[in-house]
Amino acid sequence: MTSSESSTKRISRSPNGCNAKPIYLKLRPAERDEIESIADQLRYSIGGTSRLLILIGLQEYRRSGVDALQRANDEDYHREHDDRI
């Protein structure tokens, strides 16, 4: 393996036993680009990075409750519709 190959190799960060059914979701291109950028910086897989971001979101949900989800949904709705104008 060359040094360039080792510097771009992705690291698996899934814990043992993390083999439940996959969750499929759709992202806007900019959202996927941002996740890919984070994955590149960390040298993690896109799936592993997405899992970590979901875990962060779950922590926030536990702290803030359903109100935080509603705020995020409202912000996303307005962002999507503002982009169309």
Seminar exercise, completed: Output for pair (I35 CD1, T49 OG1), nearest 0.5 Å, gives 8.0 Å
Problem set entry | Co-membership, hydrophobic cluster, residues L69 and Y77, 4.5 Å side-chain | no
Exercise. For L55, what residues pass the side chain to side chain contact (heavy atoms under 4.5 Å, CB included) criterion, not counting sequence neighbours?
Worked result: R51, L52, L58
For this session: Flag yes if L25 and Y44 sit in one hydrophobic cluster, no otherwise; membership is Ile, Leu, Val, Met, Phe, Trp, Tyr, and two members link when side-chain heavy atoms are under 4.5 Å apart.
Result: yes
For this session: Just jot down the side chain to side chain contact (heavy atoms under 4.5 Å, CB included) partners of E31, sequence neighbours excluded, or say none.
Result: L27, R28, D76
Exercise. Closest heavy-atom contact between A39 and S45?
Worked result: CB-O, 3.9 Å
For this session: Could you list the residues that satisfy salt bridge (Lys or Arg N to Asp or Glu O under 4.0 Å) with D33, not counting sequence neighbours?
Result: none
Problem set entry | Path from I54 to I38 over hydrophobic side-chain contacts below 4.5 Å | yes
Problem set entry | Sequence-distant partners of D67, side-chain hydrogen bond (donor to acceptor under 3.5 Å, both in side chains), two or more places apart | none
Exercise. Does E75 have any side chain to side chain contact (heavy atoms under 4.5 Å, CB included) partners at least two apart in sequence or in another chain, and if so, which?
Worked result: none
Exercise. Among all residues two or more places apart in sequence or in another chain, which pass the side chain to side chain contact (heavy atoms under 4.5 Å, CB included) test with A72?
Worked result: none
Seminar exercise, completed: By salt bridge (Lys or Arg N to Asp or Glu O under 4.0 Å), R63 pairs with (sequence neighbours left out) E60
For this session: Name all residues meeting the salt bridge (Lys or Arg N to Asp or Glu O under 4.0 Å) criterion together with R32; count only those two or more places apart in sequence or in a different chain, and write none if there are none.
Result: E36
